[in-house]
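Okay, so here's the structure we're looking at.
This chain uses plain numbering: 1 for the first residue, then up along the sequence. Quick caveat: nothing in here was measured; it's all calculated off a predicted structure.
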Amino acid sequence: MPTLTLIASAPSSDSEYRTGLIRRYLAAVDWAEEVRLLAEAADYDRSNPGAPSLVDELVGAGLPAAA
């Protein structure tokens with residue numbers, strides 16, 4: 001009989017997780033927190049190879065808007 005395994009670390013909603021991580025990155029007050037969040041995004045990218053890069057989204061969100 002197959003069994004189910006609950007993966008507690010998996011985000012319940014992909015878009016909510018991505019949005020939340022971007023918000024936390026933009027609200028980070030020091031570079032150490034930014035690096036930790038970038039590492040989390042890199043882990044996510046490795047786990048979701050078909051999805052758009054979350055690292056790229058974080059870096060792009062932190063850039064100033066072009067006029």
Side-chain angles (χ1 to χ4, degrees):
M1 173 185 260
T3 61
L4 298 175
T5 303
L6 177 63
I7 303 173
S9 63
S12 60
S13 168
D14 187 58
S15 63
E16 288 177 19
Y17 173 76
R18 294 174 74 93
T19 301
L21 191 64
I22 292 168
R23 284 186 179 143
R24 289 186 299 163
Y25 180 78
L26 293 174
V29 294
D30 63 24
W31 65 269
E33 179 68 8
E34 289 179 6
V35 170
R36 190 190 69 71
L37 292 169
L38 284 168
E40 183 177 338
D43 289 342
Y44 174 88
D45 287 346
R46 280 190 292 278
S47 297
N48 299 281
S53 172
L54 186 51
V55 170
D56 289 348
E57 286 189 47
L58 292 183
V59 172
L63 296 174

Just by modelled atom types, is the L54 backbone N or O under 3.5 Å from a matching donor or acceptor in the D45 side chain?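 Present.
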Would you say the side chains of E40 and Y17 form a donor-acceptor pair under 3.5 Å?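 There is such a pair between these side chains.
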In terms of heavy-atom contacts, does CZ of R23 have more than 12 from other residues, nucleotides or ligands at under 6.0 Å?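 For R23, atom CZ is not crowded (no more than 12 foreign heavy atoms under 6.0 Å).
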Looking only at heavy atoms, what is the nearest atom pair of [X] and [Y], with distance?
X: A42; Y: V55; result: N-CG2, 3.5 Å
X: A28; Y: E34; result: CB-CG, 3.7 Å
X: L58; Y: L21; result: CD2-O, 3.9 Å

V59, L37: one ILVMFWY side-chain cluster at the under-4.5 Å cut-off?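 Same cluster.
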